[in-house]
Structure formats: C-alpha cells, structure tokens
Amino acid sequence: MTTGVDTALALHLHEQMVFIRRFEAKVDALYRQGRVRGPAHLGIGQEAVAVGAASVLRPGDRSIGTYRGHAHALARGAPPDAVLRELLGRTGGICAGKGGSMHITSVEHGYYGSYAIIGAHLPIACGLAWADQIRGDDAVTLCFFGDGTTNIGAFHEALNLAAVWSLPVVFVCENNHYMEYTPIADVIAVKQPAADRAAAYGLAPLCVDGNDVDAVRAVIGAAVDRARNGGGPSLVEAETYRHGGHSAADPATYRSTEEVAQWKLRDPLLRHAEQLCASGVSDGDIEAVTTGVAAEIERITVEALAAPSPSADTAWTDMWSDGSSRWRN
Amino acid sequence: MTTGVDTALALHLHEQMVFIRRFEAKVDALYRQGRVRGPAHLGIGQEAVAVGAASVLRPGDRSIGTYRGHAHALARGAPPDAVLRELLGRTGGICAGKGGSMHITSVEHGYYGSYAIIGAHLPIACGLAWADQIRGDDAVTLCFFGDGTTNIGAFHEALNLAAVWSLPVVFVCENNHYMEYTPIADVIAVKQPAADRAAAYGLAPLCVDGNDVDAVRAVIGAAVDRARNGGGPSLVEAETYRHGGHSAADPATYRSTEEVAQWKLRDPLLRHAEQLCASGVSDGDIEAVTTGVAAEIERITVEALAAPSPSADTAWTDMWSDGSSRWRN
Amino acid sequence: MPDLTYRQAVSAGLAQEMARDERVVLLGEDIASGGVFKTTVGLRDRFGPARVRNTPISETAIAGAAMGAAMAGLRPVAEIMFSDFYGVCWDQVAVEMAKARYMTGGQFGLPLVVRGANGGGLGFGAQHSQAVENWALCVPGLKIVSPATPADVVGLLAAAVRDDDPVLVFEHKALYGTKGPVPDGEHVLPLGSAAVLREGDDVTLVALSLTVGLCLAAADRLAAAGVSATVIDLRCLVPLDAATVLASVRRTGHAVIVEENPGQLGWGAGIAAILAEEAFIDLDGPVVRVSGGNIPLPVAAPLEAEVSVSTDRVVAAVSRLLDVPVPAVVSLA
Amino acid sequence: MPDLTYRQAVSAGLAQEMARDERVVLLGEDIASGGVFKTTVGLRDRFGPARVRNTPISETAIAGAAMGAAMAGLRPVAEIMFSDFYGVCWDQVAVEMAKARYMTGGQFGLPLVVRGANGGGLGFGAQHSQAVENWALCVPGLKIVSPATPADVVGLLAAAVRDDDPVLVFEHKALYGTKGPVPDGEHVLPLGSAAVLREGDDVTLVALSLTVGLCLAAADRLAAAGVSATVIDLRCLVPLDAATVLASVRRTGHAVIVEENPGQLGWGAGIAAILAEEAFIDLDGPVVRVSGGNIPLPVAAPLEAEVSVSTDRVVAAVSRLLDVPVPAVVSLA
Ligand SMILES: Cc1ncc(C[n+]2csc(CCOP(=O)(O)OP(=O)(O)O)c2C)c(N)n1
Ligand SMILES: Cc1ncc(C[n+]2csc(CCOP(=O)(O)OP(=O)(O)O)c2C)c(N)n1
Ligand SMILES: [Mg+2]
Ligand SMILES: [Mg+2]
C-alpha cells in the first residue's frame, strides 16, 4: 500500500465497500418503512468478499450469486439506481420488477444473476465456465454461496463436475457461520464447511479472512489466475459474518450480543479504513469517500421513490424469447 | 479357519455365494430366453460383498440396496423362489409382480428394498437408522450402492446427515469400477470414489477387498459394531468387479478382455474355495455345496415357470394403506 | 373456541398429535427455534430435541429420512420450508414415497407428512411462490391436503398425521396471518371431504386454500346482484371429493373453478375434465376456469396482482358466464 | 426418404443440427459411446469429445451446466437418460430454467434442449416408466415436445435445438424400435403445430407420442364399424396448437383424449378443460378421456397391460360415447 496506484486502488475498494454498506443500510431502512416488497437479504459485514473478489476480475469474466446478492451485483458495476428501483418495485428496475431483491441480475456487467434456491447456481456456474472452455476463451467464472449451501446435493455435483472437467470456475463460500437461524457447526461434521470438503474433489483447501479485502484479493486473485491459465477450478472459503439477521425481517435473537460485538470489531470497513490511514491516506480523504457515497445514495433513493410503479401489462412480457407470454393459439 | 464352528460358517458363506452366483446365472439364461420382463442387473463377481456384509448382521438389523439387489435380498434370507417368480412375472412374486428385478424387497427379512434411482435410498437408509436411534434400539442399517452413485447429490446429503446425527448406519460402496458404460475414473477427480470422500463428513476412509469375504466380514463387521455401540456411521469402500455387463442386455464391449480376465482370477468364489481347501475342507464337501445349490435352483425354476401369471385385477391393489387404489369418490 | 392464527394452528395441530403419539417426530431446517414461518413454535421445548430435529439444508435427505423413518415405524412430519423446494427433493417425494408401497406389493406403508408454505401473493417472487400441489397431483400415490382456515389446519393436519399413507400438506403463506376459531379439544377432520361453505342455486364456485376466501367474497358481491353461488372448498385434492362437486354442479348447472396456479395445467383442469365427462348432460354452460397467469410470479405489486386470481376476476367470470352485469364492489362503509 | 428407426432418428436429428451449428454441444451419462438407448450413436466420433461429453451421474449438474452454457451462448442438448430422472434435477428444470428469462426481465435467453426416454410399456417398472411431460406442463416457461414418428423426431428435435427457449423433448422408449421414412436433406418442423393424421366426421381423437399409434389403429377399427374419426397428434404441449383441436371438435362434436399418463392430472385434463370452456356450445356429448391408471406402473405383463391405455380401450370409449356397438378386432389375415 505504498505506491500512488496502490493507494488509488485501495481508495476505490474502500469506496465500493462503503457504497455497498450504505446502500444496504438504506435498503434496510426502506424495508422497515414497508417500501420493499418480499424479503431482502443484506450482506452488511460481508462486503470485503464481494468487493475483493470482483476487483480481480476482468470485463468478460462472469460472476453469479445468491439472494444475498446486492453486493455482488454492485461490485461488478450494476447501476445502483436500477438495483434500488428493482427492490422498490419502480419503473427502471434492473429486472423490470420481475425479480426483486432475491434475483438481482446484470448480465451487461457480467453478473449472471442471483438465485434463491440453495445451491442451484453452482451447476449453472459450471455451465458458464464450460462455455468459455469450449470456445477457448480465457474468461473465468466466480460463484458465490454460503456455508449452509455446502450441505445440499447441488454443491457436491457441481464441485465434482468442475473438477473432472477442469473448468475455469472459482467457487467462493462466504462462511458467515449461519444458515438461516442455525449455526453451521450444528449441521456439519467437519470444522470448515467448504475447505474441509475440497479434497473430496481433488482440490486444495483454500481459506481466507473474508473481512480483509486485501487477503481476499490475494487468495481469490490467485485462484482466478490459475483458472484463467487452464489450472482448473478452486474452492475458496472466506470467513466472515453478517451483522444483521438472515433477512431484514429477522432480529437474529439466536446470536449472543457478545458474538455480534466481537465480529463488529472485525468489521471489514473499519479494518480497511485503518489500513488506509496506516498507508498515509488522510482522514479527510476517507471522510470524503463516505460523504460522496451518502449523497449519491440519497440522490438515487429520492429519484427511485419518485418513480412510478411499472404498468401492470408489462407482467406479460419477457417470458419467451419472442418477448411474449403466449403458450397456445 | 481352524475350529469346527469356523468351518461351518465358512461353508455356509460359500454356499450362499454359490447360491447367488447360480441364481443369477439362471436369471441371465432366462433373460436370454425372453422370460424376464424389464431389465435385470446382475452382480456376478460381487457376491462376497453381499454375503460377507449380511453375515455380520443380526435379525432386526436392516439393509437396503439398489436395482442390482438380488444378492442383497437373498443374503438376508429372502425366499429365492419368490424372488425368481417376481423376475418372471408369475404368481407368488415377492413384490406381487409390481416391482420386478429392480425393486426386490423383503421387509420380513430386514431387506427394505431395491431402489432404481441412483442415490435415492441413501437418505432413506438414514431414516431407517434414525428410527432405531430415536427408539433406543441397537439395530444397525446397512446401505449398499455403487461407485457411480458417489457423484449424485443424495449421496452427499445422506452422508452428511448421518454423520451430523451420528446415525447407526453403515454405507457400503461396491466399487466395481464402472457406472453403466463409463469407468468411474473418468468422472471423479480422486482415486477412490467413496474412501476419498469420507473425510468430507468427518469419517475415516475404510477400504476393503470386496472379493474376499473374510475381509468384508472383518471391516464391515467392525463398522456395524461401532454403529451398534453408538459410534455413528461409517463409509466402507469395497473394491470388486462385475463379470458381466451393466445389465443382462449389455455385452460390455467397453471393457478389454484382459481386464475382465484379470478380475476373473480374483473371483470371490474361487478364492473362497481355495481358502476352504487350505483350511482342510475336502473337495467333495465343496462339490456337494455346488450340487445341492444347482438342484435347488433347478427346482425353483421349474416351479416358477409352471406358475401362472398374476391376474390382471391384482394391479389395482396395494396402492393405499386401505389396500385399494381409489383416489376419488 | 379460541381464535388462532393459521400459523399458530400449524403448531397447535402438530402439538395435538405429538402429545397423542410419541412416534410423531419432526424434522426440517430451523424448526427447533420455531421455524422461519413460526409454525413450529414451542414444540422443541415441549417435546424435546430428539423429536424436533433441525437439519442441514438438505431437502433430499430430509424427505428421504422421513421416508425411511416411516418405513421403520415412526410417523415423521418433515418441513419443506417453501414448497418450491420440493424441486430439490422431487425424486424422493414423487418417485420414492409415492411408489414404494405399491412396487413392493404393499410390504410397508409410509405414515408420513411433508408440510410447508405454498403459493404466492406476498412478493416472494418466482422461486418462492409456486402452487406446487399441482405437481403432486400428476403423481399417483400422494395424498394432497391444502387447508383454508385455522380450524382446517388443525383438523386436516391431524388427519394427515394419523393417515398411513404419505400426505403432503400445503399451507398457504399468504394465509399464515389470518385468524379464525379452532374447536376446543381434539380436532380431526376426515381426508377427502370437501366443505360446502355456502349454498346457492345459480353457480358452483370450486376453490382451494387461498382461493376459498376469494370465492366467498365473490359470492357476497354476486349475491348483491341477485346471483346465488355455492362455494365449495375442496380441502384435499387426493382423496378428491368429486361427488360433492358433481352433485352441486348437477344442481346449479354452472361451474367456475378458481385456482391460484397457472392455467396451463393445474388441479382446476382436473376438476373441469371430470365435470366435462361426468356432468356434461347437466351443464347449462361452459366450465369456466379462473387461474393464475401462465408466467413465473413477478415481484412488483402491480405485476403480481396482474397475473394473480382475485375476487374481481371471479366476479367477472361468473357475470360473463351467467350473462349478468358485473356487480360493483360493495362499499365497506 | 430413407427409413430410420425412431432411435436412429434421434442421432440423425442431433447430427443434422451439430453439423449446422457448432454451438450445439451434447452432455449426458454414457452418451459418448452411443448412449444407453443408442440414441447418440456415432456423434462423438463425428463431432469430437469436446462437443459430446460424458458426465458423472449428476443430473442436477447436467441440467445446470446446460443452463449455464446456454446463458453463455452455447446451444446445449442435455440427455436425461430416463425422464423419471427429472425427479433428481427438477429444481434445475422447473425452478431455474423455466423462470430465469422472466425473472431477470429478459436479460438472457436459454437456447437449450433436454431430451430423454419417457413413458412405459416395456416392463421397466414404476421408477423408469413415467409420463413426465405432465409435470412440465404444470410449469410455465418450458416448451414441451413429444414426437410420435421418426420423421417428427428429426423435425421437432431440430426445431427444439434452433429454438431460443428451453425445450424438453420427450422421446418414447417404446417407440425407439419403430421405423418410418425420414425426409431427405434438412428436415425441420415448426413447434406448436399439431398434425391432423386422419380426417373424420364423427369424433376427434387427440393423441400424443405413444398414443398416436393407438388412436390410428382405433380409427381403423372404428371405420370398419362406420365411425369416422379424426386423429390429431398434438406433437407439442407447449406451444399448444389448441386451435386445431378446437376446430376439429367444433366440427365433429365429440372428443376423446387419449393420454398414457395417470388421469388424476395430465395433459389430457388440460385439453378437456379447454374444450369444456371454449367448445362447449359445439359439443354433442361429454369430453371423454382415456388415461393410464392412477397407479405406479407395475412390471408383470398382465398387470402393466391392465393399467395402460390400449387400442381396445380407445375403441370402447368411442363406441360408448357414440352409442355404437364395439367393433370387433379386424383380423390381419
Ligand atoms: C433448497 C433450499 N432450501 C432452503 C432454502 C431457504 N433458505 C434460504 S437462505 C437459507 C440459508 C442459507 O445459508 P448459507 O448458505 O449459509 O447462506 P447465507 O444466507 O448465510 O448467506 C435457507 C435455508 C432455500 N432457499 N433453498
Ligand atoms: C438418477 C439416476 N441417474 C441415472 C440412472 C441410470 N443408471 C442406472 S445404474 C447406473 C450406473 C450406476 O453405477 P454405480 O453406482 O457404480 O452402480 P453399479 O451399477 O455399478 O452397481 C446409471 C447411470 C439412474 N437409475 N438414476
Ligand atoms: Mg451462511
Ligand atoms: Mg459401479
């Protein structure tokens, strides 16, 4: 963190993390006001994984994630106003109001979607990577999922297929220690839900502190390079924590306040701000990032709330490739 | 193999293996005559697994297997004539003509059925074992499946659940080196499809020569004891080989004649006969087993072929617990 | 008769059966702490962790373990949190549970229940809103229950637990917050007995689960316009009380079937087919279906409303069928 | 016009499309060596191992990989060996593929095909004989094709591969051995266009896949008794050519729908419901369905025959409907 380039990058990563944090805090507030329809799963506390991982990708690389996917879409460059409008059910939503919070997608930015069935997108990630492999492209696919997801059959099938076909895909398990309300330790017979399973697919166990954006960049960056150079898939376990409940509706009373407090000390934003300071970035510059982000989020919120709802007849488009929803004559 | 008791047991195991071998050879012949409806998956060459495993179980223990399940049913004591009648579609079939070769079941003898969807019965085995655990019974469940089955999601979910709940179940993978026509080595990224996955569930890797009935007894016996005494599940990989094709219809041209010949040298029956000789059993005694078995199989075949088909109206029974198939009024 | 919410009724029904029969055991994700929909509240504390078991996220293992346990003499109740998740364990439900008794010649029964939250209306989107009872109706061997009221939740759930065959209970997530009286003491209903909730002469409305309320509301509005409607809550799809529907339609001469699911294929088509074959001679007009759009459910409110069934659409369909003017919405004031 | 078997037609159709478009790739269990049903014979040798890939026994991964590859611009054709195995990957098909385009607001299409062996009749038993097209018809977002002849196998498979939406092709395992002429050169049919195979005035027989042959045979026997039947092969369930069925029934006044699947709920109910709603006024009698038994398929020959549809049952149903004596079986001599 010594050169100007490094500092610019570090500040950029910081801005992304702060943006995502503030964006999700805003979503939380809007949810509490009853303005978000359906569930909203926030990743507050886990930002370093999404931001660090996205920062090692190139345009043309692909990523894919879950219902807890706001961060992953934004980190790839999905327009925040269109994401917010999707959550609020306004015109201009990134999925035209048809997806909502759990299905944020921005193919234009290489984010192939958020999937709400546990594990379902891991095989899909294999397919994305397979297409690149067949064409001889050097694109890489990054696939995000949670600790609880390592227990579903699709995880097993996807990891094995990726390994056997040597696909250019990096699986990133965000181990936030909980499925919905149940600690992951209650439902596995190993210590680490992902890393301790890697050997079953002939893969090395890769672990990283998911609250340290630089560490994430290093470990996932190396895995991405390996995949890009024909070295096949990796499975990375990033240890992290969600500050809030499973979804915005969950008060998360199943966790002790001490546990939460302990993890908040390891907040990835705090830690990154400290590192920025240590590397000579001024408090003022760091403040400025936060102020800019806050203003931007305020602006898109005001605009989104002023936008109308989509018109009802748009429900009937986007079904088939001809744009219609006609299934019979 | 020195005491009289040991010799009697060894002869009994031999008789069982010979019986199963001859039974399946007869099924193969009947299949070729067009007398078996639907597919028939034979386990010729794999008898030592079924016989060795069943021999360490007690009455009240449960076992469950696959479409390649004749051996497993017979080894638990299912009446061979009723099994044969099921295959031939005659009255007196063990599943009343409703199951056929792929679904042989004999609950009365602790064999909870043969399942034809890959992996589906592994979670069911967990449930059988869970029931015993809840009731505090000391029964054990044995679950058989093939190497190819280790790649389906149900395998992963079942193994994890069994480990987390510490269920009294022993999973036995019969590694015969092929799924249908594809070598297992082509579709996994590890060497051993089961043993190399055991650690993912916190289990020890257990391997055994599946063509050595005594070795099978030792390894599976220890696993069963452990399960019975509250030590939780095991995953055993038994290396073996099917002499014939995937099903009676498959000429198995995808295997080299050398490979098949090599494995036939390791035929579990030959080896066991040699051991019997070495332990002092006379050639005549061994011959007598074979002669007796052949006569018995001839007898049940003649009887089965003479039996009529079940009457058509029996198709409408056994659907619901009231015996009927009524779904509406 | 205490008033319970529909979600409380789930816990109450389960508690009633667990107290009665210790072979009744529960398994599912997060159920020990009361469950994501708060439908298993208090059960772990009352009946202990051995009988109320949290599972990994492994629906195939959940369904399979339920099946195996039932084969070995327990009476498990498995929760599939959202019925959409039947997709990841469909083999266990449709291909194992539904067929095991038959294909073994009746060597064992499967006294088990699988239950969970079904249907749309809350903005949960395409992957958390499906009407999955229709998949199950394609598969012989599964009993299918879908209660519309808290009392029926208790009564039908109890019946499902006591039944010796696999029963799928589809609770409606949009009804969890609704309230209603539940009989004191033990409450059990028979499976396969439809409820005639209102008797009328002009048309028979056939409903299930969420659409029962829509039909009752529609009948109110139609009454104001002089149309008298019978409203039938099927309660179960298997066993199906076809006789009650047939008898009513033979009397009214007109049937409107109101199903939440896409019309492409759903239980409403099954009922329509029965009527077209068995009541043809008594029909005075086409068999009309009011169904959800043939589309995955969108999230934005106006879009979800556009593709969903509603009281308005029921009223309009009946009015068209009987050729009467559409009655206006009665003001609540 | 060379004669091909139905199974050869599968390989021929795939080869035609693979030669034309190198984005077409195949994946499935054991397909590289020609497949368990010998439906992919010669393709690995002709198009190479990169485009014809064997997979582990992992249907969820197979379906998911097909979906991902389609999102990224390939046109994959996945084999699900027996359609019963959709059970283990039903989430991928019904909940992911069917919904992805819609729920992303059309951000990508899914030009993919899933194909495999469907149906009963060969003694494969309850877990290898299901008519799974009905599960799919419950789920908007999937196109559904089920050819009855070798020529249609080629033409409809080609159309499926060229279509930009997910298409499920259900081949019938009891038809694999049947032979028929296939047009020379490239052969492509439109999706959603039913075939009127025979025109008659007295009754419309609606069929699909295996039941097409039953209906044609029934029509022959009925003709001998003076009954003239139209036989319609639907070919596709989605898109559905309802117009052709409606037009015919409006003319004949009578409909008999012949489906292999259990009558509890299947595509026949969907057709019956459409007729009961849209052709009611032109119907001169009940809409009759001939369906498989509501039972898992047994193995023993007399049992399987007992619960299955047959030419005899079609003839009997038409005779009953039209109130004519059941015509005797015409001797082949
Ligand atoms: C197949 C399936 N089962 C259950 C659920 C309900 N569910 C949604 S999120 C979740 C917990 C997932 O835990 P984890 O993988 O650790 O991800 P996290 O939510 O912690 O990010 C569950 C059980 C689902 N969506 N899909
Ligand atoms: C879910 C599913 N996929 C595919 C099949 C088809 N199939 C039947 S047996 C078999 C091979 C199984 O191999 P393995 O587990 O090694 O057992 P083996 O036949 O060698 O005993 C396959 C692919 C199936 N029955 N179920
Ligand atoms: Mg988690
Ligand atoms: Mg094998």
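Per chain, numbering begins at 1; letters A, B, ... match sequence-line order. All heavy atoms count here, side chains included; hydrogens, waters and symmetry mates do not.
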Top residue by heavy-atom pair count (under 4.5 Å) with chain A, among [options]?
options	answer
D:Gln92, D:Met103, D:Glu22	D:Met103
D:Arg23, D:Arg101, D:Met71, D:Met67	D:Arg101
D:Thr244, D:Leu246, D:Asp91	D:Asp91
D:Gly141, D:Gly73, D:Gly109	D:Gly141

Does any backbone or side-chain atom of [X] lie under 4.5 Å from a heavy atom of chain A? Answer side chain, backbone, both or neither.
X	result
D:Lys99	neither
D:Ile274	side chain
D:Glu96	side chain
D:Leu142	backbone
D:Ile62	neither
D:Pro111	neither
D:Asp165	both
D:Ala50	backbone

Compute the centroid of each ring, for A:Phe171 and then for A:Tyr201, and state whether the two points are separated by less than 6.0 Å.
->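 No, the ring of A:Phe171 stays outside the 6.0 Å limit from the ring of A:Tyr201, centre to centre.
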Between [X] and [Y], is any side-chain donor less than 3.5 angstrom from a side-chain acceptor?
X	Y	result
A:Thr105	D:Thr104	no
A:Ser101	A:His70	yes
A:Thr150	A:Arg197	yes

For the side chain of [X] and the backbone of [Y], is there at least one donor-acceptor N/O pair under 3.5 Å apart?
X	Y	answer
D:Glu59	D:Val88	no
A:Arg76	A:Gly110	yes
A:Lys98	A:Thr317	yes
D:Lys143	D:Val113	no
D:Asn54	D:Ala32	yes

Among [options], which residue has the highest count of heavy-atom pairs closer than 4.5 Å to chain D?
options	result
A:His103, A:Glu86, A:Gln133, A:His156	A:His103
A:Leu161, A:Ile117, A:Ile134	A:Ile117
A:Ala315, A:Ala129, A:Gly323	A:Ala315
A:Trp320, A:Trp327, A:Trp130, A:Tyr112	A:Trp320
A:Ser321, A:Ala131, A:Ala96	A:Ser321
A:Gly93, A:Gly113, A:Gly100, A:Ser106	A:Ser106

Whether D:Trp90 and D:Tyr86 hold their rings parallel, tilted or perpendicular, with breakpoints at 30° and 60° |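 Rings of D:Trp90 and D:Tyr86: perpendicular, as their planes differ by over 60°.
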Can you label the angle between the A:Phe145 ring and the A:His121 ring as parallel, tilted or perpendicular, going by 30° and 60°?
->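 The arrangement is perpendicular - the two ring planes meet at more than 60°.
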In sequence, state the C-alpha distance, the side-chain angles, and the governing distance for A:Leu122 and A:Thr149, and then conclude on side-chain contact (heavy atoms from CB on, under 4.5 Å).
-> CA-CA 10 Å; A:Leu122 279 74; A:Thr149 302; 4.3 Å; yes
Interface moiety of [X] toward chain D, non-hydrogen atoms closer than 4.5 Å:
X	result
A:Ile94	both
A:Asn160	side chain
A:Arg62	side chain

Would you sort out whether A:Asn151 and A:Val187 count as a side-chain contact (heavy atoms from CB on, under 4.5 Å), showing the intermediate values?
-> CA-CA 8 Å; A:Asn151 293 327; A:Val187 292; 3.7 Å; yes
